[in-house]
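Worksheet: one structure, shown below.
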Amino acid sequence: MGDSQTWTAAPSAAEHARSVLAASWSCAVTAEGGREEFVGAHTVAEDGRVTLDVPEDSALVAAAICAPRGEPSAVLEFADAAPVPVRSRIRARLWIAGWFVPVDGRLEFTTTRVVLRRPSGAVVVDLDEFAAAAPDPLATAEARLLTHLADCHPDAVERLTRLVDADSLHGAVRVQPLAVDRHGLTLRIERARAHGDVRLPFHAPADDVARLTERMHVLLTQASAASCPRALQRQRTDRDG
C-alpha cells in the first residue's frame with residue numbers, strides 16, 4: 001500500500017477516556033463534603049481503578065466514611081487540556097461517578113459510571129470496555145511531543161497545512177498542533193473569530209515514539225509534494241507585508 005493514507009481509525013471512547021486518565025496530573029472531586037482539587041494525588045490501576053492519597057483532615061475522608069456503602073457519592077473530574085497554547089484548550093472532560101472506600105490510609109474508588117465529553121458531545125462509556133481498554137501508547141508523551149513540534153518546528157507545522165483543504169484554511173491566522181495519538185495528528189486552525197480542527201491520519205498506527213517519527217516523516221514528505229494552499233499563501237503574504 002506504500003505511504004497512501006488508508007489508516008483512518010480513531011481511538012474509541014473507552015480508549016480516549018483511559019488516555020485522559022493516564023495523562024492527567026490533577027483531578028477535582030465533588031462529594032458530600034464539597035469540592036476539592038488534588039494535584040499528583042491519584043494513581044490508576046491497569047483496569048482503570050483510581051486510588052486517591054489525600055490528607056487525613058480532608059473533608060473527603062469524612063464523606064467517604066459516612067457515605068452509605070454501595071451508593072454513588074462522589075464524582076471525579078479530569079480535564080484534558082492541550083499542551084500547546086490555543087483557544088478553547090480543554091479538549092475533553094472525563095467524569096467518573098462512584099464511591100470511595102478508605103483502605104490503609106488511602107481512598108479506593110469504585111466506579112459506577114463513566115462519561116466522556118468531547119467537542120462532538122458526551123458519551124457514556126461502558127464500564128467493561130473502560131476496564132479492558134488501554135491508554136493510547138503516546139498519551140503520556142503527547143505533551144512533550146506537541147510542545148517540541150510547535151516550539152522547535154513551526155516550519156513543519158506550516159508545511160503540514162498543505163495536506164489541508166484550502167477552504168479549511170480560509171481566513172486562518174494561526175495553525176497549531178492540537179493533539180496526537182497512535183492514529184493521527186490533529187491541527188487547530190484559528191481564525192479571527194472562530195477556529196476548527198483538521199485531522200491528518202497516519203497510514204498505519206504509531207505504537208511508540210520511534211514509529212511516530214516515521215509516520216510524521218511520511219506526512220511531511222506528502223506535504224512537500226503537495227501544492228501550497230492559496231489561502232495560506234495569502235496569509236503569509238499579509239504577515240510578511
Side-chain angles (χ1 to χ4, degrees), residues 5 7 9-11 15-28 37-44 77-94 116-120 134-164 168-169 172-192 194-224 229 232 235-236 239:
Q5 290 186 344
W7 180 263
E15 290 170 336
H16 191 174
R18 290 296 303 273
S19 296
V20 172
L21 190 58
S24 294
W25 181 242
S26 64
C27 72
E37 302 276 347
F38 297 96
V39 177
H42 71 278
T43 56
V44 184
E77 180 181 342
F78 301 86
D80 174 28
V84 176
V86 293
R87 296 184 194 143
S88 302
R89 291 186 68 173
I90 302 301
R91 303 177 299 187
R93 290 188 185 276
L94 176 66
L116 177 70
R117 184 173 184 83
R118 299 180 279 195
S120 58
D136 187 89
L138 303 176
T140 56
E142 184 194 27
R144 172 176 55 84
L145 295 168
L146 290 182
T147 301
H148 177 77
L149 178 60
D151 293 346
C152 302
H153 302 286
D155 56 328
V157 176
E158 181 169 325
R159 197 190 323 169
L160 287 171
T161 61
R162 298 184 182 186
L163 300 176
V164 178
S168 297
L169 291 171
V173 297
R174 186 172 69 159
V175 178
Q176 292 275 53
L178 177 71
V180 68
D181 55 58
R182 67 192 293 263
H183 303 291
L185 173 73
T186 301
L187 299 178
R188 166 63 55 83
I189 301 174
E190 296 184 349
R191 303 175 184 84
H195 62 266
D197 300 334
V198 174
R199 186 169 174 84
L200 303 179
F202 299 141
H203 70 279
D207 291 328
D208 53 39
V209 174
R211 288 185 177 88
L212 173 65
T213 299
E214 188 276 333
R215 306 300 184 256
M216 290 296 297
H217 283 165
V218 170
L219 287 181
L220 288 168
T221 298
Q222 293 173 338
S224 296
L232 190 62
Q235 175 190 337
R236 187 184 304 113
R239 184 174 64 241

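In this chain, numbering begins with 1 at the start of the sequence shown. Predicted model, so just to flag it, every value in this text is computed and none were measured.
R118 contributes atom CZ, which lies 16.0 Å from atom CD1 of I90 (distance to the nearest 0.5 angstrom). Summarising the geometry, atom CG belonging to D197 is positioned 9.5 Å from atom CD belonging to E190; distances are rounded to the nearest 0.5 Å. With rounding to the nearest 0.5 angstrom, the CG atom of L145 is 8.0 Å from the CD atom of E142. The line from CG of L220 to CZ of R215 is 14.0 Å long, rounded to the nearest 0.5 Å. With rounding to the nearest 0.5 angstrom, the CG atom of L94 is 7.5 Å from the OG atom of S24. For the atom pair SG of C27 and CZ of F78, the computed distance is 4.5 Å after rounding to the nearest 0.5 Å.
The side chain to side chain donor-acceptor pair (under 3.5 Å) search around R117 returns none, not counting sequence neighbours. Taking the side chain to side chain donor-acceptor pair (under 3.5 Å) definition, one finds that R93 meets it with E77, sequence neighbours left out.
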Practice problem: Evaluate salt bridge (charged side-chain N to carboxylate O under 4.0 Å, His left out) for R199 paired with D181, printing each intermediate quantity in order. | Solution: CA-CA 11 Å; R199 186 169 174 84; D181 55 58; 2.9 Å; yes
Quiz prompt | Evaluation steps, side chain to side chain contact (heavy atoms under 4.5 Å, CB included), between L187 and Q176 | solution = CA-CA 6 Å; L187 299 178; Q176 292 275 53; over 6 Å; no
Practice problem: Go through the steps to decide whether S224 and R159 satisfy the test side chain to side chain contact (heavy atoms under 4.5 Å, CB included), and finish with yes or no. | Solution: CA-CA 7 Å; S224 296; R159 197 190 323 169; 3.1 Å; yes
Exercise. Could you check L212 against L138 for side chain to side chain contact (heavy atoms under 4.5 Å, CB included), going step by step and ending with a plain yes or no?
Key: CA-CA 9 Å; L212 173 65; L138 303 176; 4.1 Å; yes
Quiz item: Yes or no on side chain to side chain contact (heavy atoms under 4.5 Å, CB included) for R211 and F202, after CA distance, side-chain angles and deciding distance?
Solution: CA-CA 10 Å; R211 288 185 177 88; F202 299 141; over 6 Å; no
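Contact check for P177 versus V157: side-chain heavy atoms found under the 4.5 Å cut-off. P11 has its side chain within reach of H183: a pair of non-hydrogen atoms, C-beta onward, lies under 4.5 Å apart. Residues R188 and V175 fail the side-chain proximity criterion, which asks for heavy atoms closer than 4.5 Å.
Residues D207 and P137 come closest through the heavy atom pair O-CB, 3.3 Å. Taking both residues in full, the closest heavy atoms of R182 and D136 are given as N-OD1, 3.0 Å, listed atom of the first, atom of the second, then distance. Across all their heavy atoms, A172 and I189 have their closest contact at CB-CG2, 3.8 Å. A pairwise comparison of heavy atoms in H153 and H148 identifies NE2-NE2, 3.1 Å as the closest pair. Listed here is the closest heavy atom pair of R91 and L146: NH1-CD1, 4.2 Å. Here the closest heavy-atom approach between residue R18 and residue A134 is recorded as CB-C, 4.2 Å.
When atom types are taken as modelled, the side chain of S168 and the backbone of V164 share no donor-acceptor pair closer than 3.5 angstrom. Under a 3.5 Å cut-off, the side chain of T161 and the backbone N or O of E158 do form a donor-acceptor pair.
V180 pairs in a side chain to side chain contact (heavy atoms under 4.5 Å, CB included) with only one of the listed residues (L185, L200, L149, T186), which is L185.
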